[in-house]
Protein chains: 2
Amino acid sequence: MCDNYDMTKCQTVSEMLARLGDKWTVLVIMMLADGPQRFSDLKRSVVGISQRMLTLTLRSLERDGIVARTVHPTVPPKVEYALTDLGCSFGEPIRALGGWVFTHHDRIQLARAEFDRRNEVDTSNKLIKLG
Amino acid sequence: MCDNYDMTKCQTVSEMLARLGDKWTVLVIMMLADGPQRFSDLKRSVVGISQRMLTLTLRSLERDGIVARTVHPTVPPKVEYALTDLGCSFGEPIRALGGWVFTHHDRIQLARAEFDRRNEVDTSNKLIKLG
DNA sequence: CTGAATCCTGTAGGATACTG
DNA sequence: CAGTATCCTACAGGATTCAG
C-alpha cells in the first residue's frame, strides 16, 4: 500500500485516523450529515458525550474546516453547526469504511470468539500446568 | 448518513474506528501490506513503536482475524506476521480514506492556519481588554 | 528473537460549578 | 442556551526487566 505513497503521507493518514478515532468525532459528523444541528441537539443525539467533549470535538472539526459554526445573536443564544463542503465530501470515505465494517462484521465477531476460546483453553492449560 | 444505517451499526463503525485510531494499527497494517514481516522487522519499520505496543497491536489484529501469526519453531525463534484475506480487503477503504486525506490535505492545513490566526487575534483582543 | 510482567507517568476525559 | 474553568481519576502507553 505504501508503494504509491511515501511514508510521510502514511503518517498523515494515521494522524487523520487518530483524529477520527477519538470516539466522538465520527458520531458527531454522522449526526450533522442529517442536517445542521444546535449544540444542545447534538448533546442530546450523541448519546453519552459530555458537554466538554462535545465542545472540544466541535472546535477541532471547525478548525479543520469540516464543520461551520454559526452564531445567532439572540437571547437565549442559538448556535448552529453544519457540515462544510469539505465535511460532506468526507462522508464518502467514511461510508466506504462503514461499508467494510458492515460487510465483515460477522466474520470479525467470529474471529474474536474463536481467538478468545483458544485463549481460554491456553489459560486453563497454564492453570493445569501451574496446579 | 445514518439514514441507511441504524444507530446501533453507527456505533459499530465508531467502535471500529476507535480501534483503528490507536495510532499504530494502521501503520502496522500498511507495513504488512507490502508482505509478511517478522516481529523485529515491524519493530524497525514502524518507527517509534514500543515493543509492548507492537505486541498488543498485533495481538489485537490477530484476534480480529486481520493478521495471521506463524511461528517457526527454530532457534532463535522466528515469527512471521501476514495480512489475512480479511486484512487485505481492509486495504480498500483505508486507501479511500488515504485518498481523501491526500486530496484535501492542503485545504485542511489552510483551514487550520486560518483558524489559528483568528484565534491568535481573539487572544490578543482579550489581552487588550484585560490590560 | 519474541515476547510477558512490572512499574511509572502523562493525559484524556468525566463531573461539577460558574458566566454571559 | 452555549459554553469556560477547575478538579480529579482511570487508563493508555513508554521504559525497563525477566523468560523461553
Side-chain angles (χ1 to χ4, degrees), chain A residues 14-15 17-28 31-32 36-63 67-82 115 118-119 122-123 125-127 129-130, chain B residues 14-15 17-28 31-32 36-63 67-82 115 118-119 122-123 125-127 129-130:
Chain A
S14 171
E15 181 191 321
L17 275 167
R19 287 284 328 286
L20 302 175
D22 65 6
K23 182 180 181 187
W24 298 119
T25 301
V26 170
L27 290 178
V28 169
M31 294 319 300
L32 288 180
Q37 303 256 349
R38 300 181 56 175
F39 186 86
S40 45
D41 292 336
L42 285 172
K43 178 134 174 42
R44 220 168 305 115
S45 49
V46 181
V47 181
I49 196 170
S50 68
Q51 202 169 32
R52 178 188 143 89
M53 284 319 290
L54 181 53
T55 301
L56 290 180
T57 302
L58 287 170
R59 283 289 171 283
S60 176
L61 288 173
E62 189 194 353
R63 185 172 109 100
V67 313
R69 179 171 178 269
T70 315
V71 183
H72 299 87
T74 60
V75 134
K78 175 177 174 179
V79 180
E80 264 194 352
Y81 292 91
F115 184 91
R118 272 203 301 271
N119 215 320
D122 288 357
T123 305
N125 278 347
K126 274 186 190 174
L127 290 176
K129 284 178 188 170
L130 288 173
Chain B
S14 172
E15 180 192 320
L17 277 168
R19 286 284 329 287
L20 302 174
D22 66 4
K23 181 181 181 185
W24 298 119
T25 300
V26 170
L27 290 178
V28 169
M31 293 318 301
L32 289 179
Q37 303 256 348
R38 301 181 55 177
F39 186 86
S40 46
D41 292 336
L42 286 171
K43 177 132 178 42
R44 220 169 304 115
S45 47
V46 182
V47 181
I49 196 170
S50 68
Q51 202 170 33
R52 178 188 143 89
M53 284 320 290
L54 181 53
T55 300
L56 290 181
T57 302
L58 286 171
R59 281 291 169 282
S60 176
L61 289 173
E62 189 193 353
R63 186 171 110 99
V67 312
R69 179 172 178 267
T70 315
V71 183
H72 298 87
T74 60
V75 133
K78 174 178 174 180
V79 180
E80 263 195 351
Y81 292 91
F115 183 91
R118 272 204 301 273
N119 214 320
D122 289 355
T123 305
N125 278 348
K126 275 187 189 172
L127 289 176
K129 284 178 188 170
L130 287 174

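Just so it is clear, the structure is predicted and the values come from calculations on it, not from any experiment. Computation of the quantities below employed the complete heavy-atom set of this structure, encompassing side-chain atoms and omitting hydrogens, waters and symmetry-equivalent molecules. Letters A, B, ... are given to chains in the order of the sequence lines, protein chains preceding strands, and every chain is numbered from 1.
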Footprint string (nucleotides 13-19 of chain D, 5' to 3'): B base within contact, S backbone only, - free, heavy atoms under 4.0 Å:
BBB-B--

Could you check how far CD of A/Q37 sits from C1' of D/dA2, rounded to whole Å?
15 Å

For DNA chain D, find the residues of residues 72-82 of chain B with a heavy-atom distance under 4.0 Å and give them by number; none if there aren't any.
B/P77

Looking at every non-hydrogen atom in both residues, tell me the closest pair between B/W24 and B/V47 and how far apart they are.
CZ3-O, 3.8 Å

The criterion is side-chain contact (heavy atoms from CB on, under 4.5 Å); which residues satisfy it with A/P36, sequence neighbours excluded?
A/E80, A/A82

To the nearest 0.5 Å, what is the distance between CG on A/L54 and OG on A/S45?
8.5 Å

Roughly how far, to the nearest 0.5 Å, is the OG1 atom of B/T55 from the CG atom of B/L42?
10.5 Å

Return the CG to CZ distance between B/D41 and B/R44, rounded to the nearest 0.5 Å.
5.0 Å

Output all residues satisfying side-chain contact (heavy atoms from CB on, under 4.5 Å) with B/T25, sequence neighbours left out; order by chain, then residue number.
B/L20, B/D22, B/I29, B/T57, B/L61

Test of understanding: with salt bridge (Lys or Arg N to Asp or Glu O under 4.0 Å), list the residues that count as partners of B/R69, not counting sequence neighbours.
none

Side-chain N or O of B/R38 versus OP1/OP2 of C/dC1: is the shortest distance under 4.0 Å?
no

With a 4.0 Å limit, can you tell me whether A/R69 has a side-chain N or O closer than that to the phosphate oxygens OP1/OP2 of D/dA2?
no

Whole angstrom is fine here: how far is it from CG in B/L54 over to P in D/dA12?
18 Å

Considering the terminal five base pairs at each end of the helix from C/dC1-D/dG20 to C/dG20-D/dC1, what angle separates the two local helix axes, rounded to 10°?
40°

Check whether any side-chain heavy atom of A/F39 lies under 4.5 Å from a side-chain heavy atom of A/L58, and answer yes or no.
yes

Determine whether A/M31 and A/V28 make a side-chain contact, defined as any pair of heavy atoms from C-beta on separated by less than 4.5 Å.
no

If the cut-off is 4.0 Å, is A/T55 near the phosphate of D/dG3, judged by side-chain N/O to OP1 or OP2?
no

What closest approach, in Å, do B/F115 and A/R59 show between heavy atoms, and which atom pair accounts for it?
CZ-O, 4.2 Å

Measure CZ/B/R59 against C1'/C/dA4 and give the value in whole Å, please.
10 Å

